Amino acid sequence: MKIAELHSWPNDHKAALQIQKDLSSEIITRAESSIKPRIVVGVDVSSVRGNTRLWAAVVAIHLPELKIVEEAFATIEAGYPYIPGLLSFREIPVLIEAMRNLTSKPDLVICDGQGIAHPRFFGLASHLGLWLNVPTIGCAKSLLVGEAAEPGIHAGDWQPLKYKNRTVGGILRTRKGCKPMYVSPGHMIDVDRSISLVQATNKGYRLPEPTRLAHLAVTRYRLSFSE
DNA sequence: GCGACAG
DNA sequence: ATCTTGTCGC
């Protein structure tokens with residue numbers, strides 16, 4: 001068990017890398033259940049250049065209607081800078097705080113970052129999923145690691161994302177003619193199900209609805225502090 | 001050593 | 001991620 005490390009925070013980069021390596025073995029890369037999720041939560045974090053404060057919004061959506069059932073927020077001082085590959089150590093504390101303010105019980109969380117499509121197979125979505133013990137999907141707007149063929153131009157077209165001889169996710173065209181999304185399992189889910197659930201939560205925009213609404217919500221929340 | 005690099 | 005206007009393509 002590496003659960004102790006799950007709740008201990010790294011003092012330096014080297015410790016952070018080791019924690020990711022150790023915890024990655026705890027990640028389940030298959031579907032925990034075949035039951036369709038009803039409550040899907042989108043999460044997003046916002047900040048301001050030149051300031052260390054972070055704001056977070058979590059938005060619970062009901063499937064398949066894609067309607068908001070609840071929103072929750074939190075803001076704290078960042079305890080960690082942004083370092084590619086170590087994003088979760090920066091964003092998880094404020095996300096945990098926001099999740100504590102949510103009364104709905106999520107069946108699935110969609111994160112704005114990578115899952116196992118990560119140098120040590122332990123991106124933000126994996127870290128958050130392990131911490132919350134909830135199925136999670138990483139749905140990022142750009143690539144961190146891996147290689148894939150260019151997906152077709154139509155919505156729904158996708159290609160497997162490979163990294164170090166493993167299929168770690170897929171590059172998914174969520175909207176015709178738009179830049180694709182980088183989808184990977186976070187925890188307790190597999191690649192195929194991650195792809196299909198991102199599509200099931202898409203409402204015709206590039207971003208899946210939970211993520212899109214969380215982004216709008218966190219921007220609104222952050223701006224409410226400067227007035 | 002060099003380039004790449006989620007948010 | 002943030003800052004920031006108009007502009008091009010489906």
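Every chain is numbered from 1, with letters handed out A, B, ... down the list of sequences. Quantities reported herein were computed from a predicted structural model and do not represent experimental measurements.
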Answer with base, sugar-phosphate or nothing: what part of the nucleic acid does L86(A) contact at a heavy-atom distance below 4.0 Å? base
Ranking dC3(C), dG7(B), dA6(B) by distance to the side chain of K141(A), first place goes to dG7(B)
Side-chain contact check for K176(A): nearest option of dC10(C), dA1(C), dT2(C) is dC10(C)
Scanning both residues in full, the closest heavy-atom pair of I116(A) with I27(A) reads CG2-CG2, 4.1 Å
Return yes if a side-chain donor-acceptor contact under 3.5 Å exists between E209(A) and T201(A), otherwise no. no
Measure CZ/F122(A) against P/dA6(B) and give the value in whole Å, please. 18 Å
Mind calculating the distance between CZ (R90(A)) and P (dT2(C)) to the nearest angstrom? 11 Å
Whichever of I153(A) and D44(A) has its nearest DNA chain C nucleotide further upstream toward 5': D44(A)
Quick one: label G85(A) by what it contacts on the DNA or RNA (base, sugar-phosphate, nothing), any heavy atom closer than 4.0 Å. base
Answer with base, sugar-phosphate or nothing: what part of the nucleic acid does R175(A) contact at a heavy-atom distance below 4.0 Å? nothing
Roughly, in whole Å, what's the span from OH in Y82(A) to C1' in dC5(B)? 6 Å
Please determine whether a side-chain nitrogen or oxygen atom of R222(A) lies at a distance below 4.0 Å from atom OP1 or OP2 of dT2(C). yes
Reckon G177(A) touches a base, only the sugar-phosphate, or nothing at all at heavy-atom distances under 4.0 Å? nothing
Just by modelled atom types, is the H118(A) backbone N or O under 3.5 Å from a matching donor or acceptor in the Q20(A) side chain? no
From dA6(B), dC3(C), dG7(B), pick the nucleotide closest to the side chain of R49(A)? dC3(C)
Please test W9(A) against I19(A) for side-chain contact (heavy atoms from CB on, under 4.5 Å), starting from the C-alpha separation and ending with a verdict. CA-CA 9 Å; W9(A) 225 235; I19(A) 288 175; over 6 Å; no
DNA chain C base-pair string [pairs: Watson-Crick or G-U under 3.5 Å; |: paired with another strand]: ..........
note: I92(A), atom CD1; dA6(B), atom C1'; distance rounded to Å ~ 13 Å
From OH of Y163(A) over to P of dA4(B), roughly how many Å is that when rounded to an integer? 16 Å
If I take atom CG in residue L207(A) and atom C1' in nucleotide dA6(B), what distance separates them, rounded to the nearest angstrom? 14 Å
Rounded to whole angstrom units, what separation is found between the CD1 atom of I116(A) and the C1' atom of dA6(B)? 15 Å
Looking at S142(A), does any N or O in its side chain come under 4.0 Å of the phosphate oxygens OP1/OP2 on dC5(B)? no
If you round to the nearest 0.5 Å, how far is OG of S47(A) from CH2 of W55(A)? 8.0 Å
Output side-chain donor-acceptor pairs under 3.5 Å for residues 145-157 of chain A, partner residues at least two apart or in another chain, one line each.
unit_1	atom_1	unit_2	atom_2	d
E150(A)	OE2	R173(A)	NH2	2.9
D157(A)	OD2	I153(A)	N	3.4
D157(A)	OD2	H154(A)	N	2.9

In this structure, how many angstroms lie between the P atom of dA6(B) and the CG atom of D112(A), rounded? 12 Å
For a quick test of reading the model: is some side-chain N or O of Y182(A) closer than 4.0 Å to OP1 or OP2 of dA6(B)? no
Counting N and O atoms only, with roles assigned by atom type, does the side chain of E70(A) sit under 3.5 Å from a partner on the main chain of T103(A), one being a donor and the other an acceptor? yes
Any S46(A) side-chain nitrogen or oxygen under 4.0 Å from OP1 or OP2 of dT2(C): yes
Applying the side chain to side chain contact (heavy atoms under 4.5 Å, CB included) test to M188(A), which of T136(A), L130(A), T29(A), N133(A) qualifies? N133(A)
